[in-house]
Amino acid sequence: MEGGSGYNSVPSSTSSDKSRVLDVKPLRSLKPVFSNTPQGSPFVCAPPNGPFPPGFTPFYPFSVQQGSQSSPDLNHQSPSSMQTPVGHMPAPLRSFRSSQPPEFQGAFNGDAGNDDGYSGGKKRAGPHLRGPNSYQKKKNKSALSVVASKGAGASFVVDISPLLRDDGNREVYNLVLMRFDAIRRRLSQIEDAKERSTGIRRADLKAGNILMSKGIRTNMRRRIGALPGLEIGDIFFFRLEMCVVGLHAQSMGGIDYMVLKDDMEEEPVALSIVSSEGYDDDAEDGNVLIYSGQGGNFGKKDKQASDQKLERGNLALERSFRRGNDIRVVRGIKDSVNPSSKIYVYDGLYKIQESWTESKSGCNIFKYKFVRLPGQPGAFSVWKSIQKWKEGFSSRAGLILPDLTSGAENTPVALVNDVDEEKGPAYFTYFPTLKYSKSFNLAQPSFGCNCRNACQPGDPNCSCVTKNGGDFPYTTNGILVSRKPLIYECGPTCPCFPNCKNRVSQMPLKIHLEVFKTTDRGWGLRSWDPIRAGTFICEYAGEVIDKAKVKPGGEDGENDEFVFDTTRVYDSFKWNYEPGLLDEERSNDSDENYEIPSPLIISAKNVGNVARFMNHSCSPNVFWQPVLYEHNNQSFLHIAFFAIRHVPPMTELTFDYGVVRTNEAEGNITLNRKKKCLCGSSNCRGYFV
DNA sequence: GTTATCTCACTAAT
DNA sequence: CATTAGTGAGATAA
């Protein structure tokens, strides 16, 4: 995420002016049904008398304890909203600013004057104000030299200047990590397709190697303290990711240090540590960490345990302690999605407050007490808070509903407001998938595969794999490898097992999301879980509508409300691997300059899922991808959202809303309404409509 | 060149 | 089948 981690996305100022959130006429009104039980009432997003769409659960009771005690430290909670009994939500329909007529919207957002957030208002769909020229300027301003040569090979050469290799910024940081993961995903894909691959598959090591050797890295200049481009709360899924951005240069070692040369003396000082809970590090308090020294052969087989020596990392920690130096701390946390691996969280700067030795099975080990510097945004502490929320909703301050889907999704989606008094978005029917009112057939009829079990990557006999160009679109753990014009998934009529890995976007909601009130952009969407780059988040659910029925100008101001439209103009961006960086690979199948194969317009105004709450950003962390699969012998197009990069918990999820094309013949973009974009990113286009 | 290291993915065991 | 323990090839910087 560009403009800062999500933890501090709630400004301390009281900038939210409630008088501006106007009451709006109810949408054709899905009146809520409330029971009178004091315990809590279900929030039913459906017409009370039906008909209920198939798969829709009209009533899903749950119980919530009222009130809450401990408020997590990451947000500035509003005590009053916190105490509001969950079950007694008033019925009034408050809606988003975006529900205003266009003229009003423009005026409103124009004087908002707040620049610290994402797009204005709720999801209102519309283009950003920017002509082709302004876009060019932005591109050229980039500190990176990205040379894209469109030719036979379509090779992208990404070069990072020596200056940026030494000292990074957020842009380079994101680019390096994106390149790392793109290569790693592709290497995994290649390995997956190999039959009986012997040996250990370490795509992370290979990817790291490539980046290191090509100089695609940043913050190589080793330094004590904060790193430019790095934000507290940033997460990593591999140790090598921390190497390539200069956070922690050791690929395995827990202590990174450098030697300072003072006059005549040389002295090692610590730069960063990784606490992986491998030793008996004490992580009781989120602000204190007891860290063990290195060496001594503890826990290793075939090695005799011995005393740890005051050398290397241990000496560096000791010296840093004496000097009172800051040390970067990374916390390794077990990944609940993939318990065999870890997620690394950058938890900011600590100082060593104390050091001593302890005896373990007769041998001495060093211990260091790390204390977190005050005034830093929460990172590890956020993870701990979320853990509590999952154990019991009562600890979540500002909670309005534990599950706004009323059980329509497998995973509950909390509705939270800890910034003002608004009790929820305008009513709509929650429905987890896309609804086609009439058959929507692509030109070519498609047939499913004939696989008996699960479709195998690299299987030439699987027609679904073949349709994807021979590559399996996802890695074995369900991560999307590359963006493509279209991804073909196995559908309900494919005979392969339901657990076939080629059904990623049809899986029920796995990520624990919450809909929350932003300070200046209406309601937004964020996640309690860390999200790895390439992870499927959700599809854009809603009703497929005819293009002919959509008025281009949106006369009544409601037509393009909550509309997703593939025919808009979207910025191209690079997410896939670069063929030039992979020795064996020279194909152009990672090219991302393609046309969307088929137009699709979805309205989520009356019916929709969590995707309708995602706001716009000019530097989004989520992108959409067309996916095709068949049911009832017909192919249907869907829009699936995937994470562009790793997204830390509680960071708002955003995607690029695109620009409405009003004059297709000349490619000019005519703007009829302006809204100031509040995405706050460095390459913000300024406005969107 | 050699060494130490709070890895990571696979396999086997429960 | 979910979790765990064992194990080995490896990358980086000292």
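A note on names: the letters A, B, ... follow the listed sequences, proteins ahead of strands, and every chain is numbered from 1.
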**Student:** When you check the gap from the basic side-chain N to the acidic O, do A:R223 and A:D167 get nearer than 4.0 Å?
**Tutor:** yes
**Student:** Give the nucleotide from the list B:dC8, B:dC6, C:dA11 with an atom nearest to the side chain of A:M252.
**Tutor:**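 So the side chain of A:M252 is nearest to C:dA11.
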**Student:** Remember a base hit wins even if backbone is also touched, and classify A:G295 as base, sugar-phosphate or nothing at under 4.0 Å, heavy atoms.
**Tutor:** sugar-phosphate
**Student:** Check DNA chain C for consecutive Watson-Crick or G-U pairs with both distances under 3.5 Å and list the runs of at least three as stems.
**Tutor:**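 As far as DNA chain C goes, consecutive pairing (with distances under 3.5 Å) yields the stems B:2-5 with C:11-14, B:7-14 with C:2-9.
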**Student:** For A:I210 and C:dA11, what is the distance between atoms CD1 and P respectively, to the nearest whole Å?
**Tutor:**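 Roughly 11 Å, once rounded to whole Å.
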**Student:** Are A:F237 and the base of B:dC8 stacked, counting only ring centres nearer than 5.5 Å and planes tilted under 30°?
**Tutor:**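 So A:F237 does not count as stacking on the base.
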**Student:** Output the rounded distance in Å from NZ (A:K309) to C1' (B:dT3).
**Tutor:**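 It works out to 13 Å between those atoms.
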**Student:** Check every strand shown and say whether A:K206 touches a base, only sugar-phosphate, or nothing at a heavy-atom separation below 4.0 Å.
**Tutor:**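 Touches nothing.
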**Student:** According to a strict under-4.0 Å criterion, is A:Y344 in side-chain N/O contact with OP1 or OP2 of B:dC8?
**Tutor:** yes
**Student:** In terms of relative ring orientation, are A:H631 and A:H638 parallel, tilted or perpendicular, with 30° and 60° separating the classes?
**Tutor:** tilted
**Student:** Is A:D256 touching bases, backbone alone, or none of the nucleic acid, heavy atoms closer than 4.0 Å?
**Tutor:**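 Counting heavy atoms under 4.0 Å across all strands, no contact is made by A:D256.
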**Student:** In this structure, how many angstroms lie between the C1' atom of C:dA13 and the CZ atom of A:R222, rounded?
**Tutor:** 7 Å
**Student:** Between A:A203 and A:R312, which has a closest nucleotide on DNA chain B that is more 5'?
**Tutor:** A:R312
**Student:** So, under a plain 3.5 Å distance rule, would you say the side chain of A:R202 forms a donor-acceptor pair with the base of B:dT7?
**Tutor:**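 Indeed, a donor on one side and an acceptor on the other fall under 3.5 Å apart.
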**Student:** Compare the minimum distances between each of B:dC6, C:dA14, B:dC8 and the side chain of A:Y257, then state the nucleotide with the smallest one.
**Tutor:**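 So the nucleotide nearest the side chain must be C:dA14.
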**Student:** Find the distance A:E191:CD to C:dG10:P and express it as a whole number of Å.
**Tutor:**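 Going from A:E191 (CD) to C:dG10 (P), I get 12 Å.
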**Student:** May I ask you to decide whether A:E391 forms a salt bridge with A:K388, counting only side-chain N to carboxylate O separations under 4.0 Å?
**Tutor:** no
**Student:** Holding to ring pair (Phe, Tyr, Trp, His ring centres under 6.0 Å), I want the full list of residues that pass it with A:F472, two or more places apart in sequence or in another chain.
**Tutor:** none
**Student:** Round to the nearest Å and state the distance from A:K334 atom NZ to B:dC6 atom C1'.
**Tutor:** 16 Å
**Student:** Counting just side-chain N and O atoms, does A:R201 come under 4.0 Å of either OP1 or OP2 of B:dC8?
**Tutor:**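 So the side-chain polar atoms of A:R201 never come under 4.0 Å of the phosphate oxygens OP1 or OP2 of B:dC8.
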**Student:** Closer to the 5' end of DNA chain B via nearest nucleotide, is it A:S341 or A:G254?
**Tutor:** A:G254
**Student:** Is any side-chain N of the basic residue among A:R645 and A:D181 closer than 4.0 Å to the acidic one's carboxylate O?
**Tutor:**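 Not counted as a salt bridge, because no side-chain N and carboxylate O are separated by less than 4.0 Å.
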**Student:** Checking A:K367 against A:S292: is there a side-chain donor and acceptor pair closer than 3.5 Å?
**Tutor:**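 On atom types as modelled, these side chains qualify, holding a pair under 3.5 Å.
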**Student:** OP1, OP2 of B:dA9 versus side-chain N and O of A:R239: anything below 4.0 Å?
**Tutor:** no
**Student:** Side-chain atoms of residues 310-317 of chain A: list all donor-acceptor pairs with protein atoms under 3.5 Å, sequence neighbours left out, distances to 0.1 Å.
**Tutor:**
{"unit_1": "A:N314", "atom_1": "OD1", "unit_2": "A:Q294", "atom_2": "N", "d": "2.7"}
{"unit_1": "A:N314", "atom_1": "ND2", "unit_2": "A:Q294", "atom_2": "O", "d": "2.8"}
{"unit_1": "A:N314", "atom_1": "ND2", "unit_2": "A:K309", "atom_2": "O", "d": "3.0"}

**Student:** Classify the angle between the aromatic ring planes of A:F238 and A:F180 as parallel (below 30°), tilted (30 to 60°) or perpendicular (above 60°).
**Tutor:** tilted
**Student:** On DNA chain C, compare the nucleotides closest to A:L205 and A:M258; which residue's is nearer the 5' end?
**Tutor:** A:L205
**Student:** Could you check how far NZ of A:K261 sits from P of C:dA14, rounded to whole Å?
**Tutor:**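 Distance, rounded to whole Å: 10 Å.
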**Student:** In whole Å, what is the span from the CZ atom of A:F180 to the P atom of B:dC8?
**Tutor:** 9 Å
**Student:** Once you round it to whole Å, what is the distance between P of B:dC6 and CG of A:L317?
**Tutor:** 11 Å
